[in-house]
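Have a look at the structure below, then the notes.
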There are 2 protein chains.
Amino acid sequence: MEEREKRRAKEILSGYLAATKHRRTPERFAVLNAIYDMDGEFSIDELGNLLERKRFRVSRATLYNSIRLFLDLHLVVRHSIHNNTRYSAALQLHPRFQQICSECGRIKDVDAPKVFEALEETKLKRFHRDYVSIYAYGICSSCQGRITRRRDKKNRKIKK
Amino acid sequence: MEEREKRRAKEILSGYLAATKHRRTPERFAVLNAIYDMDGEFSIDELGNLLERKRFRVSRATLYNSIRLFLDLHLVVRHSIHNNTRYSAALQLHPRFQQICSECGRIKDVDAPKVFEALEETKLKRFHRDYVSIYAYGICSSCQGRITRRRDKKNRKIKK
DNA sequence: TTTACTGCAAATATTTTGCAATATC
DNA sequence: GATATTGCAAAATATTTGCAGTAAA
């Protein structure tokens, strides 16, 4: 995630906290920072681990609380990838189109000028839009091969 | 969900079961039918309830087992919607465009033919797409007024 | 000083698993 | 008849909550 977006994310959080008289706790900013330092999507555990490595331990409850707040602010998106819950930093200054492999979870940006153009022209009635996300879920070609093969009950979970 | 898609889904399941020597149990077909009878996305509970109403009770375990199988076959997609896990039938011929109010969480379908058309024409390289979601986040006009005022922690979950 | 926020541990909720009974092949 | 699948209940995970202590404003 780019620095600019990370900075913008912190501004949004700051603004929200100020506007609603909530508190600027170090935990909230540490968690947000960690999220924007993550490469791609991550589980709650992975996020907690990154924070530990940064020597900033936060409780599970705070982790969940922060994530929920960030979800509300759309600074984070919650995904379902191969039957697991994962998150990713979400802030985007421009509409974004991503393809997500349901098998390996890999996310790739798609450039689709025509789609963005059409989006631009689409008016939403009685709705002020902040931003737009497009997700294409499917299977990437490298997973395609594996997929019809072995289909046992084990090893379906992606690593935590 | 259209009948045609439902039928196709059952063919895919049949084919898979035959090919892999798994069993054609009434449960599997009942669950698949129910999924394709659902209108939009649903929770495990809602799915169970629909089945009960159809007087075809299946255990929780079977519900989860079936869903997992269908996820593998890409007959179902698992979503994360506003911090809840939900599923939907996956053989959707048309992508879905939803506007989500960040304030009240209300979700409304948007009809944007131009966008859908452009999506249709967009090829994804080395990627087989199952399902496309477009989310426009923002504020609906009925929330516009309230917006700067109090923002409590309650009622953030969408109804189960 | 006030009270929102944190951590902890307990409570809930969600999903998976072990196993005996059953039904498909 | 052999065994994959089911339902049930228990186990394992994941998430939320209550509360007392802490710290931001």
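Naming: A, B, ... by sequence-line order, numbering from 1 per chain.
Taken to the nearest 0.5 Å, the CZ atom of F127(A) stands 9.5 Å off from the OG atom of S141(B). The OH atom of Y16(B) sits 11.0 Å away from atom CZ of F70(B), with the distance rounded to the nearest 0.5 Å.
When the C1' atom of dT13(D) is taken as reference, atom CD1 of I44(B) falls 15 Å away, rounded to whole Å. Taking atom CZ of residue R86(B) and atom P of nucleotide dT14(C), one finds them 12 Å apart after rounding to whole Å. One atom, CG of N84(A), and another, P of dA12(D), lie 19 Å apart when rounded to the nearest Å. When rounded to the nearest whole Å, the span between CZ of R28(B) and C1' of dA4(D) equals 8 Å. Straight-line distance from the CG atom of L69(A) to the P atom of dT16(D): 13 Å, rounded to whole Å. When rounded to the nearest whole Å, the span between CZ of F29(B) and P of dT24(C) equals 12 Å. Atom P of nucleotide dG7(D) and atom CD of E52(B) are separated by 11 Å, given to the nearest angstrom. We find that NZ of K21(B) is positioned 10 Å from C1' of dC25(C), with the value rounded to whole Å.
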Listed pairs, N/O of protein and of nucleotides 19-21 of chain D, under 3.5 Å:
none

Distances for protein N/O vs nucleotides 22-25 of chain D N/O pairs under 3.5 angstrom?
from, atom 1, to, atom 2, distance (Å)
dA25(D), OP1, R24(A), N, 3.2

| Steps toward side chain to side chain contact (heavy atoms under 4.5 Å, CB included) verdict (F97(B), L119(B)) | CA-CA 11 Å; F97(B) 186 166; L119(B) 263 175; over 6 Å; no
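Under the 3.5 Å distance criterion, the side-chain polar atoms of Y36(A) are matched with a main-chain donor or acceptor of L75(A). Between the R86(B) side chain and the E41(B) main chain, a donor and an acceptor come within less than 3.5 Å of each other. A donor-acceptor contact shorter than 3.5 Å is absent between the side chain of E121(B) and the backbone of A118(B).
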Please output the side-chain donor-acceptor pairs of residues 53-67 of chain B that fall under 3.5 Å, not counting sequence neighbours, one pair per line with the distance.
from, atom 1, to, atom 2, distance (Å)
K54(B), NZ, D37(B), OD2, 2.4
R57(B), NE, E52(B), OE2, 3.1
S59(B), OG, T62(B), N, 3.1
S59(B), OG, T62(B), OG1, 3.0
R60(B), NH1, D45(B), OD1, 3.2
R60(B), NH2, D45(B), OD1, 2.8
N65(B), ND2, A61(B), O, 3.4
S66(B), OG, T62(B), O, 2.7

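Considering only the side chain of R78(A), dT15(D) comes nearest among dG7(D), dT15(D), dT6(C).
A search for ring pair (Phe, Tyr, Trp, His ring centres under 6.0 Å) contacts involving Y135(A) returns H79(A), not counting sequence neighbours. Shown here are the salt bridge (Lys or Arg N to Asp or Glu O under 4.0 Å) partners of E117(B), two or more places apart in sequence or in another chain: there are none.
Just one of M38(A), K6(A), R28(A) meets the side-chain contact (heavy atoms from CB on, under 4.5 Å) condition when paired with N33(A); it is K6(A).
Contact check of residues 56-64 of chain B against DNA chain C (heavy atom, cut-off under 4.0 Å) returns A61(B), Y64(B).
Residue-environment remark: NZ (K114(A)) stays at or below the threshold of 12 foreign heavy atoms within 6.0 Å.
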